[in-house]
Amino acid sequence: MKIGAIDIGTNSMRLLIADYIDGKLFNREKFINTTRIGQGVDSKGYIREDAIKRNIKALKEFSELAYEKGCEHLYCIGTSALRDSNNKLEFINLAKNEVGIDVEIISGQEESNLGFMGVLQGLEENEDILVIDIGGGSTEFILGGNNGIEFSKSENVGALRMTEKFLNEDPICEEEFESMKKFISSTINDTLNILKNKEIKAVVGIGGTITSVSAINQELETYSMEKIHGSEINQKELDIILQNLKNMTLSDKKTLKGLQPKRADIITAGVTILNIIMKKLEKQNIIVSEYDNLEGLLCHKAKKMS
């Protein structure tokens, strides 16, 4: 059975198409479009008119692509920006009336659960793992193993949200950068204090920030799911990447090997969040997973059908 899932994230919209056979996913294909539905949501509380149009257009294109490729079922979720916006119903109604898609807005808790479920699909080692999902609007922390989730928390710090809130100059001004760091640290401090006292055998990262860091680290000319999945980044490499990003202009970042130009403006904030987490938890390595909440959503829905 071929099924598809769309995730409307704060920064980008993603589509996963896969064959579901006996509880496993095969022939995975992923597509991404940087649609920025969350632009301005943090400060204004509303999804902008141009962002709505852009995202409905992208949703239509993804929907057509999924059915062209033979999908029998297509599911769609909305995360942080849609959760937080006051005009989310306008978007949901348009998606239904114009594209014929039901957009399910999920809570931070549900997002965490799906992300964790997805990671387990793609990992050999799966006991006492901490999954960190740095998105555009929020960051999810999920600790658990085969027996389920022991702890999970969604925090409102994300790469797009922090960039909009703090980083206005190019190259990045030290004062703004320090304010952002302080804000991130104080926001996630309680969660990190809880996690510090837990048994964590491995840290696994999912989402656009961590996959971009891996691609930059490997200097990939073209993105490869195979090269990203299971790759590791150590604290020293992370420090060097962050230092370089801080000193670069936006146009320099756009030409950086491994980084999608459309993510160039928000990558520094994302890497800062990751660096703060790793340092506070005193973890030297993070494993990168290409299996995330999209895989989790497909497995969750397919199990309900079978």
Side-chain angles (χ1 to χ4, degrees), residues 5-14 16 37-38 41-42 77-85 104-123 126 128-145 148-163 183-196 198 200 202-214 233 263 266-267 269-278 280-281 283 286-300:
I6 296 170
D7 169 24
I8 305 171
T10 302
N11 183 57
S12 53
M13 187 184 295
R14 299 176 309 131
L16 169 67
I37 200 167
V41 168
D42 197 40
I77 53 169
T79 55
S80 180
L82 278 166
R83 276 199 294 271
D84 295 346
S85 60
E104 184 187 346
I105 296 177
I106 60 172
S107 67
Q109 185 69 50
E110 288 169 311
E111 190 178 351
S112 299
N113 293 353
L114 291 177
F116 193 76
M117 201 185 287
V119 167
L120 290 186
Q121 274 281 323
L123 266 196
N126 45 23
D128 298 323
I129 56 167
L130 171 64
V131 175
I132 296 164
D133 180 2
I134 300 168
S138 63
T139 295
E140 275 68 50
F141 298 86
I142 318 105
L143 177 69
I149 293 170
E150 185 192 333
F151 172 86
S152 80
K153 188 86 202 297
S154 178
E155 297 282 10
N156 269 349
V157 295
L160 179 61
R161 195 186 289 254
M162 292 300 98
T163 302
F183 179 86
I184 295 166
S185 295
S186 64
T187 305
I188 63 178
N189 194 46
D190 289 352
T191 295
L192 294 180
N193 279 335
I194 291 167
L195 289 168
K196 266 195 92 162
K198 303 275 187 190
I200 299 170
V203 183
V204 179
I206 59 175
T209 289
I210 188 76
T211 54
S212 296
V213 170
S214 177
I233 299 148
R263 194 174 280 278
I266 65 166
I267 188 65
V271 178
T272 305
I273 296 167
L274 179 59
N275 205 29
I276 288 168
I277 294 167
M278 296 299 283
K280 175 83 179 175
L281 295 178
K283 294 292 175 190
I286 182 163
I287 302 161
V288 185
S289 172
E290 250 290 350
Y291 285 71
D292 52 41
N293 60 359
L294 280 172
E295 280 81 1
L297 178 63
L298 277 193
C299 289
H300 176 64

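Numbers here simply count residues along the sequence, with the first being 1.
For Y291, the ring-ring contact (aromatic ring centres under 6.0 Å, His included) criterion is met by H229, not counting sequence neighbours. Not counting sequence neighbours, T139 has no partner by the side-chain hydrogen bond (donor to acceptor under 3.5 Å, both in side chains) test. For D133, the salt bridge (charged side-chain N to carboxylate O under 4.0 Å, His left out) test picks out no residue, with sequence neighbours left out. Residues forming a side-chain hydrogen bond (donor to acceptor under 3.5 Å, both in side chains) with N189 (at least two apart in sequence, or on another chain): K280. Partners of R263 by salt bridge (charged side-chain N to carboxylate O under 4.0 Å, His left out), not counting sequence neighbours: none found. Residues meeting the side-chain hydrogen bond (donor to acceptor under 3.5 Å, both in side chains) test with S154, sequence neighbours left out: E140.
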Which is it for I106 and N293 under the side chain to side chain contact (heavy atoms under 4.5 Å, CB included) test, yes or no, and what are the steps along the way?
-> CA-CA 11 Å; I106 60 172; N293 60 359; 5.6 Å; no
Could you walk me through whether M162 and T272 pass the side chain to side chain contact (heavy atoms under 4.5 Å, CB included) check?
-> CA-CA 10 Å; M162 292 300 98; T272 305; over 6 Å; no
How far apart are the C-alpha atoms of I134 and I210, what are their side-chain angles, what is the distance that settles it, and do they pass the side chain to side chain contact (heavy atoms under 4.5 Å, CB included) test?
-> CA-CA 7 Å; I134 300 168; I210 188 76; over 6 Å; no
Go through the steps to decide whether F141 and I277 satisfy the test side chain to side chain contact (heavy atoms under 4.5 Å, CB included), and finish with yes or no.
-> CA-CA 10 Å; F141 298 86; I277 294 167; 3.7 Å; yes
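Contact detail for A5 and L294: the closest heavy-atom pair is O-CD2, 3.4 Å. Of all heavy-atom pairs between S214 and V288, the closest is CB-CG2, 4.0 Å. Shortest non-hydrogen contact noted between E290 and T211 is OE2-CG2, 4.3 Å. Closest approach of T209 and A159 over heavy atoms only: OG1-CB, 4.1 Å. Between V157 and I184, the closest heavy-atom pair is CG1-CA, 4.4 Å. Contact record, I200 with V203: CG2-CG2, 4.1 Å, taken as the closest heavy-atom pair.
For the residue pair Q109/S152, the side-chain donor-acceptor check at 3.5 Å is satisfied. Side chains of R83 and N156: no donor on one and acceptor on the other come within 3.5 Å.
Taken to the nearest 0.5 Å, the OG atom of S212 stands 8.0 Å off from the CD1 atom of I266. Separation of atoms CG (D292) and CE (M117) is listed at 13.0 Å; rounding is to 0.5 Å. Note: L160 CG to T10 OG1 = 7.0 Å, rounded to the nearest 0.5 Å. Atom OG of S80 sits about 11.0 Å away from atom CD1 of I105, to the nearest 0.5 Å. Atom-to-atom distance recorded for L82:CG and I77:CD1 is 10.5 Å, nearest 0.5 angstrom. Taking CG of D7 as the start and OG1 of T79 as the end, the distance is 5.0 Å to the nearest 0.5 Å.
Here the side chain of S289 pairs no donor or acceptor atom with the backbone of I206 at under 3.5 angstrom. No donor-acceptor pair closer than 3.5 Å links the side chain of K198 to the backbone N or O of L130.
In this structure, the side chains of E155 and I273 stay at 4.5 Å or more apart for every pair of heavy atoms.
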